[in-house]
Amino acid sequence: MNLSFDVITKEGDKIIVSLTSFYPYITQLIGDRFPQLEIVEITIIREAGNGPINIEVFGKIAQVLISIAQDNPNTVLYYFCDITEEIPYQRAGKEQTYQEYRNNLFKLLFQRYSTIAGDHWSDIEIEMRSTQPQQTFYAHFLLRDQHLPLVQILRNEVLSNFKSISEQK
């Protein structure tokens, strides 16, 4: 799978959502051990504007993602909460890192919109802690419950790989 779609706010901000099953990290990590699954990475990028992205916009994104997942029964969606881009208009007084904010938002959206799908879905969160520098990273696998045993193995692979990389630094 390799596709993208745009979400444009009333204010003209443009968000690009890309889905690709050719993401090198996951592809290299699992090789051909899970031929029955298609692991699809979700990337969300702000292309234009700097206004707040509200729950309505993220709701549209979630609905499209769930629709794509419904149409592709062996798809597992993967999302990594990055640390690179500031979050405009983050509430004052919230002591959260960018990735922690994105992680909490992503979990909330998935819980809110996964009921649309009708299938039994799980959100497997991976929390990865690095000591040098001290940071926490989050990733999610969104999947049908029937794929849970395979994704648990994949989760363990990601954690193990992250640990060995972070220990080398």
Side-chain angles (χ1 to χ4, degrees), residues 1-5 7 15-45 58-85 87 96-169:
M1 179 178 299
N2 192 18
L3 63 96
S4 67
F5 61 93
V7 177
I15 309 299
I16 298 174
V17 181
S18 299
L19 298 146
T20 182
S21 55
F22 307 108
Y23 185 61
Y25 172 70
I26 293 296
T27 304
Q28 290 171 4
L29 188 63
I30 65 171
D32 59 0
R33 291 186 299 150
F34 303 107
Q36 66 275 44
L37 296 182
E38 181 177 26
I39 311 297
V40 177
E41 184 197 24
I42 303 165
T43 304
I44 301 172
I45 299 169
F58 280 114
K60 289 178 185 178
I61 293 170
Q63 287 175 335
V64 172
L65 293 175
I66 287 171
S67 174
I68 290 169
Q70 281 180 307
D71 293 343
N72 298 282
N74 287 322
T75 294
V76 173
L77 300 175
Y78 167 77
Y79 180 78
F80 180 77
C81 301
D82 70 29
I83 62 174
T84 59
E85 185 180 321
I87 299 168
Q96 292 181 320
T97 63
Y98 299 147
Q99 63 268 33
E100 186 177 12
Y101 175 84
R102 286 181 173 94
N103 179 59
N104 291 334
L105 179 63
F106 198 72
K107 285 193 301 191
L108 174 70
L109 285 171
F110 179 75
Q111 291 167 357
R112 185 172 181 184
Y113 288 97
S114 64
T115 55
I116 294 168
D119 290 333
H120 293 282
W121 286 79
S122 294
D123 174 6
I124 303 299
E125 177 183 338
I126 304 172
E127 184 174 312
M128 300 165 278
R129 295 179 188 266
S130 170
T131 55
Q132 297 297 326
Q134 190 164 349
Q135 292 180 317
T136 304
F137 300 90
Y138 302 91
H140 291 262
F141 288 102
L142 307 175
L143 59 132
R144 286 180 169 79
D145 286 350
Q146 70 195 40
H147 300 307
L148 196 54
L150 294 174
V151 174
Q152 288 291 10
I153 293 168
L154 180 56
R155 176 189 180 276
N156 293 339
E157 289 285 333
V158 169
L159 281 171
S160 176
N161 190 51
F162 178 81
K163 183 179 177 189
S164 68
I165 289 170
S166 65
E167 289 174 353
Q168 292 174 9
K169 293 182 178 182

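Residues: numbered from 1 along the sequence shown.
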From CA spacing to verdict: side-chain contact (heavy atoms from CB on, under 4.5 Å), T43, T20: CA-CA 8 Å; T43 304; T20 182; 5.5 Å; no
CA sep, side-chain torsions, deciding dist, call: I68, L3, side-chain contact (heavy atoms from CB on, under 4.5 Å): CA-CA 10 Å; I68 290 169; L3 63 96; 3.9 Å; yes
Worked verdict on R155 versus L159 for side-chain contact (heavy atoms from CB on, under 4.5 Å): CA-CA 6 Å; R155 176 189 180 276; L159 281 171; 3.4 Å; yes
Full working for side-chain contact (heavy atoms from CB on, under 4.5 Å) between L154 and I39: CA-CA 10 Å; L154 180 56; I39 311 297; 3.8 Å; yes
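For the residue pair R144 and N72, the shortest heavy atom distance occurs at NH1-O, 3.7 Å. For the pair Q146 and P73, the tightest heavy-atom approach, listed with the atom from each and the gap, is NE2-O, 4.3 Å.
Applying the salt bridge (Lys or Arg N to Asp or Glu O under 4.0 Å) test to E38 and every residue at least two apart in sequence or in another chain returns nothing.
To the nearest 0.5 angstrom, T75 atom OG1 is 11.5 Å from L142 atom CG. Annotation: the span from I42 atom CD1 to L65 atom CG amounts to 4.5 Å, rounded to 0.5 Å. Annotation: the span from M1 atom CE to E41 atom CD amounts to 13.0 Å, rounded to 0.5 Å. Atom CD of residue E100 and atom OH of residue Y138 lie 4.5 Å apart, to the nearest 0.5 angstrom. The structure places CD1 of I153 at 8.5 Å from CD of E157, a figure rounded to the nearest 0.5 Å.
Between K60 and F5, the closest side-chain pair of non-hydrogen atoms is not below 4.5 Å. At least one side-chain heavy atom of Y79 sits under 4.5 Å from a side-chain heavy atom of I44.
Between Y78 and F141, the two ring planes are tilted [angle within 30° to 60°].
Without hydrogens or angle criteria, H140 side chain to L77 main chain gives no donor-acceptor distance under 3.5 Å. In this structure a side-chain-to-backbone donor-acceptor pair under 3.5 Å is present from Q99 to T136.
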